[in-house]
Amino acid sequence: MAKILEVKYENQADAHCCEVAHESQADLCWHEVHYATQASGDAIWFFVAYANQASFKVYRVKHASQADLKIFRVSTPEQAGWRTKDHLLIGKLGK
């Protein structure tokens with residue numbers, strides 16, 4: 001399940017992420033859930049407070065050109081998923 005921690009320093013991150021303006025620009029569309037047990041795969045995210053709880057750590061960058069992963073938040077779990085089918089991070093977020 002994808003337990004995500006947003007880190008303050010880029011050297012602590014597993015990947016640099018940029019939130020893009022349009023779904024068509026994203027590598028991954030993600031949906032946030034309110035309980036850890038609801039998180040699944042790479043695209044259904046639950047945010048955690050501590051590094052030892054996280055399955056993946058992200059550092060947010062402002063520009064897509066700086067990002068390892070371009071993300072777009074969707075409103076339902078059914079919309080969530082990978083848009084770039086051969087991305088290097090597939091299977092890594094929810095490990």
Side-chain angles (χ1 to χ4, degrees):
M1 64 181 80
K3 295 180 186 173
I4 307 298
L5 176 67
E6 263 190 73
V7 295
K8 292 182 183 180
Y9 305 104
E10 62 182 307
N11 66 330
Q12 298 173 328
D14 295 315
H16 296 120
C17 292
C18 179
E19 189 87 35
V20 293
H22 304 284
E23 182 177 347
S24 61
Q25 299 170 314
D27 296 317
L28 175 67
C29 292
W30 64 280
H31 176 74
E32 183 178 358
V33 292
H34 299 291
Y35 301 99
T37 55
Q38 296 173 316
S40 65
D42 289 336
I44 310 298
W45 291 10
F46 175 73
F47 285 93
V48 297
Y50 302 103
N52 65 343
Q53 299 171 322
S55 64
F56 200 78
K57 295 173 262 189
V58 298
Y59 178 78
R60 293 212 186 223
V61 294
K62 291 184 181 182
H63 304 286
S65 62
Q66 301 170 310
D68 303 313
L69 182 63
K70 293 174 282 201
I71 56 175
F72 182 80
R73 185 175 181 170
V74 292
S75 56
T76 67
E78 294 77 27
Q79 296 171 301
W82 286 99
R83 300 301 187 262
T84 303
K85 298 299 179 194
D86 59 348
H87 199 281
L88 294 174
L89 293 174
I90 290 177
K92 307 270 193 239
L93 283 75
K95 55 184 168 165

ILVMFWY network linking [X] to [Y], side-chain heavy atoms under 4.5 angstrom:
X     : Y     : answer
Phe56 : Phe46 : no
Val58 : Val33 : no
Phe47 : Val7  : no

**Request:** Can you tell me which residue pairs pass the salt bridge (Lys or Arg N to Asp or Glu O under 4.0 Å) test with a partner in residues 74-83, sequence neighbours excluded?
**Result:**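 Residue pairs with at least one partner in residues 74-83: Glu23-Arg83.
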**Message:** I need the full list of salt bridge (Lys or Arg N to Asp or Glu O under 4.0 Å) pairs touching residues 27-44, with sequence neighbours left out, sorted by first then second residue.
**Reply:**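 For residues 27-44, and leaving out neighbouring residues, the salt bridge (Lys or Arg N to Asp or Glu O under 4.0 Å) pairs sorted by first residue read Glu32-Arg73.
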If you link ILVMFWY side chains whenever their heavy atoms are less than 4.5 Å apart, which other residues fall into the same cluster as [X]? By chain and number, please.
X     : value
Tyr9  : none
Met1  : none
Tyr50 : none

List the atom pairs, donor and acceptor, that lie under 3.5 Å between side-chain atoms in residues 86-93 and the rest of the protein, sequence neighbours left out.
{"unit_1": "His87", "atom_1": "ND1", "unit_2": "Leu89", "atom_2": "N", "d": "3.0"}
{"unit_1": "His87", "atom_1": "NE2", "unit_2": "Asp68", "atom_2": "O", "d": "3.1"}

**Item:** side-chain hydrogen bond (donor to acceptor under 3.5 Å, both in side chains) against Gln53, all qualifying residues, sequence neighbours excluded
**Value:** none
**Request:** Can you sort out the partners of Glu6 under side-chain hydrogen bond (donor to acceptor under 3.5 Å, both in side chains), two or more places apart, ordered by chain and number?
**Result:** Arg60
If you look at every heavy atom in [X] and [Y], which pair is closest and at what distance?
X     : Y     : answer
Ile44 : Gln38 : CG2-O, 3.5 Å
Ser55 : Gly94 : OG-CA, 4.1 Å
Phe72 : Ala21 : CE1-O, 3.4 Å
Ala39 : Ala2  : CB-O, 3.7 Å

**Asked** Hey, what do you get for SG (Cys17) to NZ (Lys57), rounding to the nearest 0.5 Å?
**Response**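 Atom-to-atom, Cys17:SG and Lys57:NZ are 13.5 Å apart.
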**Item:** Separation between SG of Cys29 and CD1 of Ile71, rounded to the nearest 0.5 Å
**Value:** 10.0 Å
**Message:** Restricting to side-chain contact (heavy atoms from CB on, under 4.5 Å), what partner residues turn up for Gln79, sequence neighbours left out?
**Reply:** Val74, Ser75, Thr76
**Request:** Can you sort out the partners of Tyr59 under ring-ring contact (aromatic ring centres under 6.0 Å, His included), two or more places apart, ordered by chain and number?
**Result:** His16
**Request:** Take Leu69 and Trp30, measure what side chain to side chain contact (heavy atoms under 4.5 Å, CB included) needs, and give me the verdict at the end.
**Result:** CA-CA 12 Å; Leu69 182 63; Trp30 64 280; over 6 Å; no
